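Have a look at the structure below before the remarks.
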Amino acid sequence: MIDLRSDTVTKPSQAMRDAARDAEVGDDVYGDDPSVNELERRAADLVGKEKALFVPSGTMGNQVAIRTHTERGQELVVDEQAHVVKWEVGGVADLSGVQARMVDCGPRAVPTAAQVEAAHVEESLHRPGTGLLCVENTHNSRGGVAVGVDEIAEACEAAHDLGVPVHLDGARVFNASVALGVAPEELTGPADTVNFCLSKGLGAPVGSILAGPEGFVERARRVRKLFGGGMRQAGIVAAPGLLALENVDRLAEDHANARTLAAGLDDIAGLSTREPDTNIVMLSVEADVHADDLVAACEEHGVAFGARDASSARLCTHLDVSRAEVREAVDRVAAAVGSLRA
Ligand SMILES: *Cc1c(COP(=O)(O)O)cnc(C)c1O
């Protein structure tokens, strides 16, 4: 099976397994785990923040960030397709008691200054006040869009002018920096805090990083404990995470593979794609075929990916699929489409 469901399906390399086995460990709730401490130091440096916190998942990183930034009843300004409101089980309401003020950012994927200003609510006797702006880069549901430095900076500046902090859901922020050819700091710098995943394109088995100013990270550490994310000898999973940090530059291969995949799929009658910015390919399926049926037929032909709705699907390239496998996947999808039309 060529598995293109997500870049989270990668298996840890032998080097990662060796690093996990041999990791120096301690009780991280006491701050005693040298591998976690090193990972937090290096991760903070990589995104240009003072401190970082190792968390079990990106969802926890985002939700800890939102809880740490906001007070109950406040509003969160966010794109309506953002992961934090679409795919995190209603956590902003459930865990932080925050209500989302959703903005349709369209293909731009990040709000304009005017959208931030229009969405902002001043606290009053009647109104809750805006507590946080959340932006996402790359933008997952909008097709792995790499949001540019100027667009991110514009949104962050508009929020800051209103006294509102900004959290960047940068689950795949290195895909954005590699695709745009800019240093990660240029994309993370305008936001107060950033979350990124070790367990996606970077290939680690477990974990994400939440980074920001020292005082914020201290408070976030307490919220992580509250949410059940205080881990003990976590060096076992942090050690592969340290190796994952070395996989940033190779994301360019995933992007090239995604372009090959998109172009190949686009040549199949009844399917269309647009050129991907990064490692996510959004596939549109013509009306005579239901995306669920296409997915089922492709699985029978040895390619796995997921439908989004009746007429679209998402495919991801990653560390564990080669250029040759991507080409093979295109041939298998073509055969699957043929079998549906037969
Ligand atoms: C995957 C993802 C997350 C959450 O990460 P998990 O580790 O799966 O919880 C958050 N935001 C975005 C944009 C993502 O793609």
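Note that the coordinates shown come from a computational prediction; the quantities given were computed from them, not determined experimentally. All residue numbers in this chain count up from 1 along the given sequence. All values below come from the heavy atoms of this structure, side chains included, with hydrogens, waters and symmetry mates left out. Atoms within each ligand, like the ligands themselves, are counted from 1 in listed order.
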Which residues pass the side-chain contact (heavy atoms from CB on, under 4.5 Å) test with D266, sequence neighbours left out? S272, T273

Considering only Ile, Leu, Val, Met, Phe, Trp and Tyr, and joining two whenever side-chain heavy atoms are under 4.5 Å apart, list the other residues clustered with V84. I66, L76, V78, V85, V92, V98, M102, L132

Flag side-chain contact, heavy atom, 4.5 Å: L39 against I209: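 When only atoms from C-beta onward are counted, I209 and L39 do touch, with a gap below 4.5 Å.
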
Assess whether atom CD of E50 is packed by more than 12 heavy atoms of other residues, nucleotides or ligands within 6.0 Å. yes

What residues come within 4.0 Å of ligand 1, counting heavy atoms only? S57, G58, T59, N62, H83, E88, E136, N140, D169, A171, R172, C197, K200

Tell me, please, which residues at least two apart from E328 pass salt bridge (charged side-chain N to carboxylate O under 4.0 Å, His left out). R332

Is the F174 ring parallel, tilted or perpendicular to the F196 ring (thresholds 30°, 60°)?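 Answer is perpendicular, since the angle exceeds 60°.
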
